[in-house]
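Scope of the values below: all heavy atoms of this structure, side chains included, with no hydrogens, waters or symmetry mates. All residue numbers in this chain count up from 1 along the given sequence.
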Amino acid sequence: MTAFTVALTLVVAAAGLLRWRRPAWYWLTFGVTLAALRVLVRYGSVMNACGLTVPPSRWRLGLARMTNRPVPESRPPRILRLRPTRTGLVLRLKLRPGQDAFDIAAASDRLRHSFSMYGVTCRELRSGVVELRMTGYDVLKRVQMPAKLDVRPMRVPVALREDGSVHYRDYRAMPHALTLGATESGKSVYQRNLVAGLAPMDVALVGIDCKQGVELFPLARRFSALADNPDTAADLLDALVSRMEGVYQLIRAEQRITAAVPDAEIAADIWDLPNHLRPVPVVVLVDEVAELALFANKEEEKRRDRIITALVRLAQLGRAAGIYLEICGQRFGSELGKGITMLRAQLTGRTAHRVNDETSANMAFGDISPDAVLAAIQIPAELRGLAVAGDSTGGWHRIRAPHTSLRQAVNTCNRHADRTPDLPELAPFRPELTSASEAPASLSKTAPVTA
């Protein structure tokens, strides 16, 4: 008996230590079993307490009277499947007649407390079937991406969602996106994950970094074109517009709309073209869009209008030509001048890191979801990298990208430097790479004297 007590004490102590220091390990060893039993045992009473049951039907009441049996109890949604995952549980429910998926979603916070889970989210799979994704611990506190990822062409895993699923940046489903966030909010890490995920793919990367290139130029070996000032950025965007027009001419030449051509073979964008004719897709990353929109004199105003016009044209017409925009900034409001709101309307994907005021959050989600605005302004300053991601449908999620250092991103880009396509239209903007043996140029007028 003493040995059993000692063993039980050690197991409880080990479970407590794992839950404190390694919540993921605790979940996989102890938590998943305890949580599944807790859900199955409490399910009926919890659903009844949350008002998620329906009264018995008339035929059941009539049958009970005819057979002189007790009145049947109200019935909760039927459990179709309970599946454990590496971060929580997935509970699939079949709704009873008269129930709605909104009822389950509205009670998700009460279900979280009743089942003693960290988080509960609800989504409708099809008519009458909903799925509850329950997380057993804070998966965003220490982000660990799963070993198996569903990577496809132009689809990059960039972050982890609060329900434990992977957040993908799918350019073919969501061509253009906007990323907002204050200084030290985690935008740079999010951007590094994006570049590191695109590096192994057959895609051309184009960067505009008006902070003298400090963010994107270390990754230059994987970039087909880079600009570090607004003047070069204007010329680069004009070259991209010219490339877009050339791609459209190629698509027109290959359409061959005749009665003998099947509907599936009529090309409307680059993905309908044969592989040997398909131009390489281009992802344009703008590090700080405000630097492109600010001006101090008439000449800079002309340059600014030229830049914004080119960006709007690429956002409106670039998808079919395989040109995708990824625009980052601290603010993106109408104070940046005319054309900005037109550009923002074309950016379907929205990601907001920590912002300093509610107005900045409204710039990202004000026309999409008020709940996402509230979630964005509640991001604490100590959780860098935590963000809210949404789209034009109104759906949104809390996400957090895994920490990727600049050295890790540089190594990834250097490893896949051979995949960097050489585009003739962008050749003048190809970054010049210096060898490691060359001494860096001095930024001061007089070089420091060394002994």
Side-chain angles (χ1 to χ4, degrees), residues 178-181 183-184 187-196 198-199 203-243 282-297 299-311 314 323-332 336-337 340 343 404-407 409-414 416-417 420-436 438-445:
L178 170 66
T179 302
L180 293 179
T183 304
E184 294 294 319
K187 295 195 310 296
S188 298
V189 174
Y190 180 85
Q191 192 176 61
R192 289 174 203 160
N193 278 277
L194 200 57
V195 174
L198 289 169
V203 59
L205 299 180
V206 174
I208 298 177
D209 182 5
C210 290
K211 292 187 296 186
Q212 297 300 311
V214 296
E215 292 288 348
L216 296 181
F217 269 74
L219 316 174
R221 292 186 182 275
R222 188 55 184 88
F223 276 76
S224 299
L226 278 171
D228 63 351
N229 60 79
D231 292 323
T232 308
D235 297 333
L236 175 55
L237 290 172
D238 288 342
L240 285 170
V241 172
S242 299
R243 172 181 171 80
V282 179
V283 175
V284 183
L285 297 104
V286 180
D287 185 66
E288 183 52 68
V289 68
E291 289 298 318
L292 301 177
L294 297 176
F295 62 91
N297 51 52
E299 290 298 323
E300 291 184 357
E301 184 179 7
K302 293 180 181 178
R303 182 194 64 198
R304 180 254 177 218
D305 293 341
R306 177 181 161 201
I307 289 174
I308 298 302
T309 301
L311 283 174
L314 290 173
I323 299 177
Y324 308 104
L325 298 182
E326 196 75 36
I327 296 181
C328 299
Q330 297 185 29
R331 288 179 64 85
F332 199 77
L336 295 181
I340 286 295
L343 175 60
T404 300
S405 65
L406 185 58
R407 168 51 61 190
V410 168
N411 292 342
T412 301
C413 290
N414 292 346
H416 299 284
T420 305
D422 190 6
L423 305 182
E425 304 90 347
L426 306 181
F429 310 97
R430 185 74 181 260
E432 297 181 2
L433 304 176
T434 58
S435 62
E438 296 181 9
S442 175
L443 298 180
S444 59
K445 294 183 179 179

Taking all non-hydrogen atoms of both residues into account, name the closest pair between [X] and [Y] and its distance.
| X | Y | answer |
| --- | --- | --- |
| Leu292 | Pro230 | CD2-CA, 4.3 Å |
| Cys413 | Val195 | SG-CG1, 3.7 Å |
| Leu285 | Phe223 | CD1-CE2, 4.0 Å |
| Gly213 | Asp228 | N-CB, 3.9 Å |
| Val410 | Pro218 | CG2-O, 3.5 Å |
| Ala239 | Leu426 | CB-CD2, 3.9 Å |

Any non-hydrogen side-chain atom of [X] less than 4.5 Å from a side-chain atom of [Y]?
| X | Y | result |
| --- | --- | --- |
| Cys328 | Glu288 | no |
| Cys210 | Asp287 | no |
| Leu314 | Tyr324 | no |
| Gln191 | Thr179 | no |
| Leu180 | Gln330 | no |
| Leu216 | Ile208 | no |

Expected output: side-chain [X] to main-chain [Y] donor-acceptor under 3.5 Å:
| X | Y | answer |
| --- | --- | --- |
| Thr420 | Arg221 | yes |
| Arg304 | Phe295 | no |
| Ser224 | Pro421 | yes |
| Asp209 | Glu215 | yes |
| Asp238 | Ala310 | no |
| Thr309 | Arg306 | no |
| Arg430 | Ala225 | no |

Atom pair [atom1] ([X]) and [atom2] ([Y]), whose distance is rounded to the nearest 0.5 Å:
| X | Y | atom1 | atom2 | result |
| --- | --- | --- | --- | --- |
| Phe217 | Glu432 | CZ | CD | 9.5 Å |
| Ile327 | Leu178 | CD1 | CG | 7.0 Å |
| Leu219 | Thr412 | CG | OG1 | 9.0 Å |
| Glu425 | Asp422 | CD | CG | 10.0 Å |

| query | Does the side chain of Thr232 come under 3.5 Å of the side chain of Asn229 through a donor N or O and an acceptor N or O? | reply | yes
| task | Applying side-chain contact (heavy atoms from CB on, under 4.5 Å) between Leu205 and each of Val282, Leu198, Leu226, Leu194, report the one that passes. | result | Leu198
| query | Can you tell me if NZ on Lys211 sees more than 12 non-hydrogen neighbours from other groups inside 6.0 Å? | reply |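 Correct, the count exceeds 12.
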| request: Apply side chain to side chain contact (heavy atoms under 4.5 Å, CB included) to Val206 and Arg243, showing your working. | output: CA-CA 13 Å; Val206 174; Arg243 172 181 171 80; over 6 Å; no
| request: Under the side chain to side chain contact (heavy atoms under 4.5 Å, CB included) rule, what do Asp231 and Arg303 come out as? Steps first, then yes or no, please. | output: CA-CA 7 Å; Asp231 292 323; Arg303 182 194 64 198; 3.0 Å; yes
